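Single-structure report; data block below.
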Amino acid sequence: MESYPAPARALVAQMMAAAAAEPNRAVAFQGAPGANSHIAVDQAFADALPLPCFSFEDAIDAVREGRADRAMIPIENSLHGRVADIHFLLPESGLVITGEHFLPIRYALMGVDPAAKITEVMSHPQALGQCRNWLRARGLRPVTYADTAGAAAMVAELGQPETAAIAPPAAAELYGLDILADGLEDAEHNMTRFVILALEGSNERPAGQVMTTFIFEVKNIPAALYKAMGGFATNGVNMTKLESYQRGGSFAATEFYADIEGHPEDPAVARALEELAFHSKWVRILGTYPQARPRGV
């Protein structure tokens, strides 16, 4: 808890105590109270006890250790791309993806003195990236911090009039700051996708449309990825995300993260995954879960 700025510690302590009393209701998130992840937990789970954690790893550990029933992790943003490296965090954690949530992102500039001339702005790198044009147009220096609401708490602790924070508007009230400007995001469609993680998935098939997330490594032969993807095209399976990443320092083995529409037990999906496995060294499903919003055109 000492990692948080002083203005956030009392709130963090209260939320940790409530979660410790009823861990079956606790949902871990990364950041200080008032962060977008906190807002996402409140939206997705009406009866949840949000449990703040300083890092993504801490949030995952809270579930693994039984201090929280679930965790909510942001994985991608419509303006600034990847948020958390879920393909690194999840495979070794023992957790599975059980759901998703989409949160519209709105930001405000907040500080200790509404009359002061702001020269630098503190926030999470994602928030700074999502407000890049606004900051650049005003010549403000971006300063990175671990999360948005934590940046607001740090600005309150520092008490320097020239330093402001970018955070969700509610953070200003939590940490006694003045809102100096709002609507900072560079596009109206600014949206972050969160995944919900738990120790175990449901044994029952989710109702309605579902998503399946998996990672894989293709064999190191020419056209391996093309051949591996062929089964999804020929079986009419919609792949909504395919992202490559490197593990280790060899630069010789590329792994992939993918989202598809459908359940592994659907005949078309089963055939596509079978073909993928034939052309891959390994395939690992990270979760099958209900769609939070339609993916079709």
Side-chain angles (χ1 to χ4, degrees), residues 3-4 26-45 48 50-65 67-105 107 123-132 144-151 166-168 185 190-199 201 211-216 240-248 255-259 284-289 292-293:
S3 300
Y4 290 99
V27 180
F29 69 92
Q30 184 271 332
N36 283 314
S37 294
H38 183 188
I39 297 169
V41 170
D42 285 342
Q43 284 189 4
F45 304 104
L51 174 62
C53 301
F54 192 73
S55 69
F56 293 125
E57 290 84 355
D58 292 341
I60 287 172
D61 285 344
V63 180
R64 294 174 61 186
E65 296 165 4
R67 292 181 286 113
D69 183 60
R70 287 162 288 193
M72 283 197 75
I73 302 293
I75 62 167
E76 57 185 330
N77 175 265
S78 62
L79 281 179
H80 204 56
R82 182 192 302 173
V83 181
D85 288 326
I86 200 69
H87 35 61
F88 291 125
L89 292 171
L90 192 53
E92 309 306 323
S93 70
L95 305 186
V96 296
I97 302 174
T98 61
E100 63 178 0
H101 181 76
F102 289 84
L103 177 71
I105 304 298
Y107 286 121
S123 197
H124 187 276
Q126 273 281 333
L128 296 172
Q130 292 161 33
C131 304
R132 180 189 298 110
T144 61
Y145 195 75
D147 73 282
T148 55
I166 288 178
E185 55 280 353
N190 195 22
M191 181 85 67
T192 294
R193 178 188 177 213
F194 292 77
V195 290
I196 301 161
L197 309 179
L199 277 174
M211 301 295 295
T212 295
T213 295
F214 56 90
I215 54 176
F216 64 97
T240 62
K241 184 179 180 68
L242 178 64
E243 188 173 76
S244 64
Y245 60 98
Q246 294 285 338
R247 187 184 296 272
E255 299 177 12
F256 295 88
Y257 169 102
D259 291 329
R284 181 169 179 181
I285 293 177
L286 300 182
T288 297
Y289 47 93
R293 59 185 298 180

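This one's a predicted model, so the numbers in the text were calculated from it and none came from an experiment.
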G150 to A32 - nearest heavy-atom pair and separation: N-CB, 3.6 Å
Say whether, by atom type as modelled, one donor and one acceptor occur between the side chain of N77 and the main chain of M191 under 3.5 angstrom. yes
What distance do T240 atom OG1 and D259 atom CG have between them, rounded to the nearest 0.5 Å? 4.5 Å
Given side chain to side chain donor-acceptor pair (under 3.5 Å), test D147 with Y4 step by step and report yes or no. CA-CA 10 Å; D147 73 282; Y4 290 99; over 6 Å; no
Output for pair (Q30 CD, H124 NE2), nearest 0.5 Å, gives 5.5 Å
Do F29 and C53 have side-chain heavy atoms sitting under 4.5 Å apart? no
Counting C-beta onward and ignoring hydrogens, is there a side-chain heavy-atom pair between L199 and L95 closer than 4.5 Å? yes
Contacts of F88 meeting side-chain contact (heavy atoms from CB on, under 4.5 Å) (sequence neighbours excluded), chain-then-number -> D85, Y245, R247
Can T148 and S123 be said to form a side chain to side chain donor-acceptor pair (under 3.5 Å), step by step? CA-CA 5 Å; T148 55; S123 197; 5.4 Å; no
One pair to check against side-chain contact (heavy atoms from CB on, under 4.5 Å): I86 and Y257. What are the steps and the verdict? CA-CA 9 Å; I86 200 69; Y257 169 102; 3.3 Å; yes
Would you name the heavy atoms of I39 and G34 that are closest together and state the gap between them? CD1-O, 4.2 Å
Least distance between heavy atoms, A127 atom then I166 atom: CB-CG2, 4.2 Å
Any side-chain to backbone donor/acceptor pair from Q130 onto L79? Under 3.5 Å, distance only. no
Rounded to the nearest 0.5 angstrom, the NE2-CD distance for H80 and E185 is 14.5 Å
Specify the closest pair of heavy atoms between A62 and A28, including all atoms of both residues, with the distance to one decimal. CB-CB, 4.0 Å
Which value, rounded to the nearest 0.5 Å, describes the distance between R64 atom CZ and E57 atom CD? 11.0 Å
Gap between atom OG of S37 and atom CZ of F56 - 0.5 Å precision: 6.5 Å
Can you tell if the side chain of M72 reaches within under 4.5 Å of the side chain of Q43, non-hydrogen atoms only? no
Looking only at heavy atoms, what is the nearest atom pair of L90 and V96, with distance? CD1-N, 4.3 Å
Counting C-beta onward and ignoring hydrogens, is there a side-chain heavy-atom pair between N36 and Y107 closer than 4.5 Å? yes
Are Y289 and T213 side-chain neighbours, meaning at least one heavy-atom pair lies under 4.5 Å? yes
Test log, rule side-chain contact (heavy atoms from CB on, under 4.5 Å), inputs H101 and V41: CA-CA 9 Å; H101 181 76; V41 170; over 6 Å; no
Taking side chain to side chain contact (heavy atoms under 4.5 Å, CB included) as the criterion, tell me which of E243, E255, R284 meets it with H87. E243
Nearest non-hydrogen partners of A149 and A35, listed with the distance: CB-N, 3.3 Å
Approximate separation, where rounding is to 0.5 Å, of T98 OG1 and L197 CG: 7.0 Å
Yes or no on side-chain contact (heavy atoms from CB on, under 4.5 Å) for M211 and K241, after CA distance, side-chain angles and deciding distance? CA-CA 11 Å; M211 301 295 295; K241 184 179 180 68; over 6 Å; no
